[in-house]
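Heads up, the thing below is written out as structure tokens.
No experiment lies behind these values; they were computed from the predicted model shown. To find a chain, count down the sequence lines: A is the first, B the second, and so on, and within it residues start at 1.
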Number of protein chains: 2
Amino acid sequence: MDHAAPPFPAPTTVEEFRDRLSALSDSLPRRMRQCADFVAANADRIAVSTVAELAAGAEVPPSALMRFCQIMGFSGFSEMQKLFRDAYTPGWPDYSTRLRNLKDNGAGSPAALLAEFVEAGRLSLEALAKSVDEAALEAAVARLAKAETVHVVGLRRAFPVASYLAYVFEKMSVPAMLHDGVGKLDHRFALRPGDALLAITFAPYSEETLTLAQDARARGLPVVAMTDHLTSPLARLADAVVAVPEVDFGAFRSLSATIAMALALAVAVGSARDEASTG
Amino acid sequence: MDHAAPPFPAPTTVEEFRDRLSALSDSLPRRMRQCADFVAANADRIAVSTVAELAAGAEVPPSALMRFCQIMGFSGFSEMQKLFRDAYTPGWPDYSTRLRNLKDNGAGSPAALLAEFVEAGRLSLEALAKSVDEAALEAAVARLAKAETVHVVGLRRAFPVASYLAYVFEKMSVPAMLHDGVGKLDHRFALRPGDALLAITFAPYSEETLTLAQDARARGLPVVAMTDHLTSPLARLADAVVAVPEVDFGAFRSLSATIAMALALAVAVGSARDEASTG
DNA sequence: GGATGAATGGAATAAATATTCCAAAACGTC
DNA sequence: GACGTTTTGGAATATTTATTCCATTCATCC
């Protein structure tokens, strides 16, 4: 037998494709490896590229890429490309068309503003998906899951997020306290040993939030930060930092990414605690 | 001169392309019209289709589609396709790839949860862009812009949105009052003639919010509703209704769409008032 | 109703693109 | 360091896909 026919049937979904990719990639010769790596990182470009373009991107000759397609179980490149072209449609049937129409209502019109904020939100979410540090996120969850009571603080622009966190924690039966600054009471002494603080602030950083974080840290309590950069003043005070990129339109943040992150954090903490108590 | 050479230079961006499309589409013979209509509705598929496929979709022979490309100012189909292939990349460089990788961390892991919430938020935003009723939005803005003080109410899940609205109104110097239910004080008598109420609630509808809306209506004040359906109990009490579709993941709303709408509303109201006072 | 010009469809051609094949190189083994 | 095996690169070929051209149809105006 010459160069054995594909031992696998061809993947029929992008999911299957990725599964096979990660299954194979360990036992692959050098050039094939390059193909696999490049394809994994640029899967979305397969649909709109030629063999020659992809091969150039992966820095291999076209024939190597052809061989790669066959190793993946396809008859050739065209069959592989078809998979990605078919899978491409979902996402925006006419979403961008619609956005454009909204903006055509004239700059400053409510509909045009809405289109801008929708776009900002979407960009924020995409940026978040791309930039999230999974290890940092898990570290944050671990800290909060061990706390007796989770204290949440976030003021001004961060307050909507903080209040939503408090709501979700309550729904998940996680003991939590929202530090909302009502009556200028700072409640700093509500933080007891065994508790943890989840602090949220973005540039320009809120003084009160930083102060409370500082205070918690001084007393040896774990501080988890949700902020805009790893270099923010809050990050320096924290034991675990979750960075959330957020796109502004005009003076205002979309908060979409921040809220998505807050939800993930809260739900993960909630289920971690459930497992700890029932398991 | 035979069939005149393209009088236009080729569009260099998708925007320009659409502009030309709507400029031309009135003065086009039948088959060209079919091409234009189909392309307008399926612009996103140009990048991944062949001439034959698109022609079939538009129900014209391939040669008609070729001519259409030339009328649009391109040398041929390939040049037109190149525009869309290039424009295709920036949208989601590897966003969906990344989401998949996050989900691969295992169901229930923080990263996987985050991926789900990001996806829910994105879907919400897209649904909002598609479903928004521009006239209703403008009506809502008009009502609020005329009010002396804007009263904002939203409790539980809607509270983050309400509090963000209050923040934005403040930043834009719009007199606004947040009804937050602190101390179970309902502050209903703070609503004075000339004011308006912006009420936010989603199923299951919050009793207190409905009560306040009812009260405002009984006293003849305009009520603007932000809610999930035109049939919600709040909608019946309102003079203007803004419906916001929102996708849940698990038990929790992403709020992305709701916040985008809230921002658009608040900023539009803010600038409308500016114009009224300075103009 | 016939002449004129634009519009159309399909078949022929040109170009681009994928695919195969084989000789040369690299690698590991004895 | 020679031998068999695997991997590689590039040139030759096959296939698909875009593009052109022209005969025919359709509409319009005289």
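Distance, B:Leu65 CG to D:dT19 P: 10 Å, rounded to whole Å. B:Arg85 has its CZ atom 11 Å from the P atom of D:dT17, to the nearest Å. For A:Phe74 and C:dT19, the CZ to C1' distance is 16 Å, given to the nearest whole Å. Rounding to whole angstrom units, CD of residue B:Gln81 and C1' of C:dT17 are separated by 12 Å. Taking atom CZ of B:Arg30 as the reference point, atom P of D:dC26 lies 10 Å away to the nearest angstrom. The separation between A:Gln34 atom CD and D:dG9 atom C1' is 13 Å, rounded to whole Å. Straight-line distance from the NZ atom of B:Lys82 to the P atom of D:dA18: 16 Å, rounded to whole Å. To the nearest angstrom, P of C:dA15 lies 16 Å from CD of B:Glu79.
Of the candidate nucleotides C:dA18, C:dT8, D:dG9, C:dA18 has the atom nearest to the side chain of A:Ser78. Distances were taken from every side-chain heavy atom of B:Met66 (C-beta onward) to each of C:dA18, D:dT19, C:dG9; the shortest belongs to D:dT19. For B:Pro61, the listed nucleotide lying nearest its side chain is C:dG10; candidates were D:dG9, C:dA18, C:dG10. Closest contact between the side chain of A:Pro29 and the listed nucleotides C:dA18, C:dT8, D:dT8 involves D:dT8. When each of D:dA18, C:dA18, D:dT20 is scored by its nearest atom to the side-chain atoms of A:Phe77, the top-ranked nucleotide is C:dA18.
Residue contacts shown for A:Arg67 include a base, since a base heavy atom lies under 4.0 Å away. Using a 4.0 Å heavy-atom cutoff across all strands shown, A:Ser63 reaches at least one base atom of the nucleic acid.
B:Ile259 is listed as a side-chain neighbour of B:Val161, based on a closest heavy-atom distance under 4.5 Å.
Here B:Glu53 does not pair with B:Arg45 in a salt bridge; the nearest charged N to carboxylate O distance is not below 4.0 Å.
The two residues A:Met226 and A:Thr258 come nearest to each other via the heavy atoms CE-O, 3.2 Å.
Shown here is A:Glu79, whose CD atom has more than 12 heavy atoms of other residues, nucleotides or ligands within 6.0 Å.
Listed pair A:Gln70 / C:dT20 meets the phosphate criterion, a side-chain N or O lying under 4.0 Å from OP1 or OP2. Between A:Arg31 and the phosphate of D:dG9, there is a side-chain N or O to OP1/OP2 separation shorter than 4.0 Å.
Ring geometry for A:Phe249 against A:Phe117 counts as perpendicular: the plane angle is over 60°, on a 0 to 90° scale with 30° as the lower cut.
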